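Lettering of chains follows the sequences in order, A, B, ..., and the numbering in each one begins at 1. A quick note: this is a predicted structure, and the numbers were derived from the prediction, not measured.
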Amino acid sequence: MPPRVRFAPSPTGYLHVGGARTALFNWLYARRHGGAFILRIEDTDVERSSTDMVTAIFNSMKWLGLDWDEGPDVGGPHGPYFQTERLDKYRAAGFALVASGHAYRCFCKPEDLKAERSAAEAAGRTWNYDRRCQRRSAAEVAAKVAAGEPSAIRFLVPPGITAFDDLVHGRIEFDNANIEDFVVIRSDDYPTYHLSVVVDDVDMQVSDVVRGDDHISNTPKQVLLYHAMHAAVPRFAHVPLIMGPDKKRLSKRHGATSVGEYEAQGYLPEAMVNFLALLGWSPGGDQEIFSREELIQRFDLEGISGGNAVFNPEKLDWFNQQHIMRMSAAEILGRLRSAGLMNVGLEIGELQIEKVIDLLKPRSKKLADFVPQMRPFLSDDLVFDEAAVKKHLSDPAVPGLRKALASALRTVEPWTAAALEETLRAVAAAHGVKAGVLIHATRVAVTGQGNSPGLFEVLELVGRDRVIRRLELC
RNA sequence: GGCGAUAUCGUCUAGGGGUUAGGACAUGUGGUUCUCAACCACAGAACCGGGGUUCGAAUCCCCGUAUCGCUACCA
């Protein structure tokens, strides 16, 4: 049986890198084994959920290339895939639990319970719900319901031990005595997470639940629910969390945390996927750079490590550059265009642009890094770096050198890096200066900047007319 | 506080009863060179602590410590 896995974000915020990695692991697992990857939106927290976030999450998933086989947009046999459209199912399940004696109506007011809890905690005591409503007689409950008194449904946690075999952590056991009777249906008739997740995972025939470590403590409650519903318990794999450099939970103060921000900053989805895959998972060898296809071939749940991982932005940069260097210039050009980064007036041909891109690859960590570096090739409107101008163009001998070089370049044939280098060195020698002096001056005159790719390659691609014009402009 | 998970270079990790504990990022030094990158070479850098099991423990077990998570009518 091919596995069925799901990613079930709550649309209360953007897709953050932790969620993205969880989604990625699920996707990789499904693709590796020819299973199904389901996307489900857990929007039962109506207060905090928004449709904008739903859209943002879809966009980030698509950007990463994590396509789903069942879910919003694409549909599927187990829909709908928004929990707020499945409310009937949860209510029916809640009532069934009451009917079978696995749950009971609770008329306690949340505020009262909260007050009792905090009072107990202030006194240093642990506090668990005391089941007072479970002791009510059937007649009493019926009367309260008939009177329209609001009530929640609580699961009656049985005594015993609840255990499950986690694919990452091995066997994990909990004493039910430490689990309090939790609410499954709130008094506003909305389900809580524990109920909706189990109802949906059963309904959608999810075989493997791959999710964040933070759910380990919730799992026994859900296992209890599976048992009460006489449903098969899926396999669980709890993946460790991603932390900030201070090992605290990743948050805004750590900088960019959402996938969308990385997209906006010019990261490649290939690099993000590669980086995220290796954060908490290892295929075992020394290889670091993986294509999407290679990841699919190698991925397995067993390779997931047990401890939390720190998000290291420097390493992401490195991955990004590695992927840029492996990508064709034509592909990069396409990405630049769709990212809206190519709106400079194009004055050179497509082929020339691709040559420029190839030249710039090793010095571009992000897509946006190409833009300022491409400018001297695409436009005559140079941006001059003051320090570079001062350093390399201020010598009184420079104007004469520039003119001499310009005139020598008029007749160079062919217009290639090699011929250009020969010519420039000859001019420098004729004037008794070191080639470096003229090279640097020429670089600043032609690019406006103190740094650039090898000067002769730059000159070749900028073109004869422009080079001469820029050299003569004093 | 209770319950749970985790612990190898600064970071991501490989490995795992007997190894010079491997790789990558970052860092440093050198090479290349017209600059900055890229690239190449080299270097420094780790098995949380304590007990036990064992001929032998970083590896297995226990305890401690630290970190993270859960402890809601959030997910």
Side-chain angles (χ1 to χ4, degrees), chain A residues 8-12 42-45 47-49 83 106 108-111 113-114 117 121 124-128 150-154 166 168-170 172-175 177-180 182-194 196-197 212-221 238 240-241 243 245 247-249 275 278-289 303 305-319 321 325 360-365 369 373 388 391-392 421 424-425 434-440 442-444 449-456:
Chain A
S10 174
T12 54
E42 307 215 327
D43 53 354
T44 54
D45 184 351
E47 299 285 305
R48 297 193 300 145
S49 296
Q83 290 194 323
C106 174
C108 299
K109 290 191 171 65
E111 316 84 79
L113 261 23
K114 218 166 278 181
R117 190 185 304 273
E121 275 165 11
R125 293 193 310 273
T126 54
W127 189 89
N128 273 344
S151 66
I153 294 177
R154 273 184 197 275
D166 193 278
V168 175
H169 299 101
I172 303 178
E173 284 189 353
F174 292 84
D175 187 336
N178 293 316
I179 306 171
E180 82 175 325
F182 52 98
V183 170
V184 291
I185 299 280
R186 300 186 276 221
S187 48
D188 64 1
D189 274 355
Y190 275 77
T192 61
Y193 169 69
H194 299 299
S196 58
V197 77
D213 239 353
D214 48 341
H215 287 290
I216 288 181
S217 304
N218 294 326
T219 306
K221 294 177 184 168
H238 287 98
L241 271 17
M243 319 299 270
K247 309 219 177 195
K248 300 283 182 205
R249 196 175 202 161
F275 171 66
L278 260 30
L279 203 56
W281 172 74
S282 169
D286 283 346
Q287 187 178 342
E288 299 272 340
I289 304 299
S305 53
N308 294 338
V310 171
F311 188 91
N312 182 349
E314 281 87 36
K315 191 144 187 184
L316 206 213
D317 284 351
W318 178 77
F319 274 110
Q321 181 165 47
M325 289 200 284
L360 263 21
K361 275 185 195 172
R363 58 193 67 234
S364 302
K365 285 191 188 303
D369 293 343
Q373 300 188 94
K391 187 170 179 192
H392 297 298
E421 175 159 14
L424 182 143
R425 288 187 188 278
K434 287 202 285 191
V437 174
L438 186 51
I439 287 171
H440 289 128
T442 304
R443 168 174 291 114
V444 179
Q449 302 296 305
N451 304 328
S452 83
L455 180 69
F456 306 107

Taking atom [atom1] in both [N] and [M], compute the distance separating them and give it to the nearest angstrom.
| N | M | atom1 | result |
| --- | --- | --- | --- |
| B/rC40 | B/rG52 | P | 49 Å |
| B/rG69 | B/rC12 | P | 15 Å |
| B/rC3 | B/rC9 | P | 29 Å |
| B/rC61 | B/rU54 | P | 16 Å |
| B/rU11 | B/rG2 | P | 29 Å |

(request) Quick one: do A/Ser196 and A/Glu42 satisfy side-chain hydrogen bond (donor to acceptor under 3.5 Å, both in side chains)? Show the steps, please. (result) CA-CA 8 Å; A/Ser196 58; A/Glu42 307 215 327; 5.2 Å; no
(message) Rounded to whole Å, please give me the gap between CZ in A/Arg48 and P in B/rC73.
(response) 14 Å
(request) Return no unless some side-chain N or O of A/Thr44 is found under 4.0 Å from OP1 or OP2 of B/rA75. (result) yes
Is the shortest side-chain N to carboxylate O distance from [X] to [Y] below 4.0 Å?
| X | Y | value |
| --- | --- | --- |
| A/Arg48 | A/Asp43 | no |
| A/Glu121 | A/Arg125 | no |
| A/Lys365 | A/Glu314 | no |

(request) Check whether any side-chain N or O of A/Glu180 sits under 3.5 Å from a backbone N or O of A/Phe182 as a donor-acceptor pair, and report yes or no. (result) no
(message) Please tell me whether A/Phe311 and A/Phe275 form a close aromatic pair, meaning their ring centres lie under 6.0 Å apart.
(response) yes
(message) I need a per-nucleotide contact map over nucleotides 64-72 of chain B, read 5' to 3'. Cutoff is protein heavy atoms under 4.0 Å; write B for the base, S for backbone only, - otherwise.
(response) ----SBS-S
(request) Kindly point out which of B/rA38, B/rG4, B/rA24 is positioned nearest to the side chain of A/Gln321? (result) B/rA38
(request) For A/Ala309 and for A/Val168, locate the closest nucleotide of RNA chain B by heavy-atom distance; then report the residue assigned to the nucleotide nearer the 5' terminus. (result) A/Val168
(request) With a 3.5 angstrom cut-off on both distances, give the Watson-Crick or G-U wobble partner of B/rA66, or none if there isn't one. (result) B/rU6
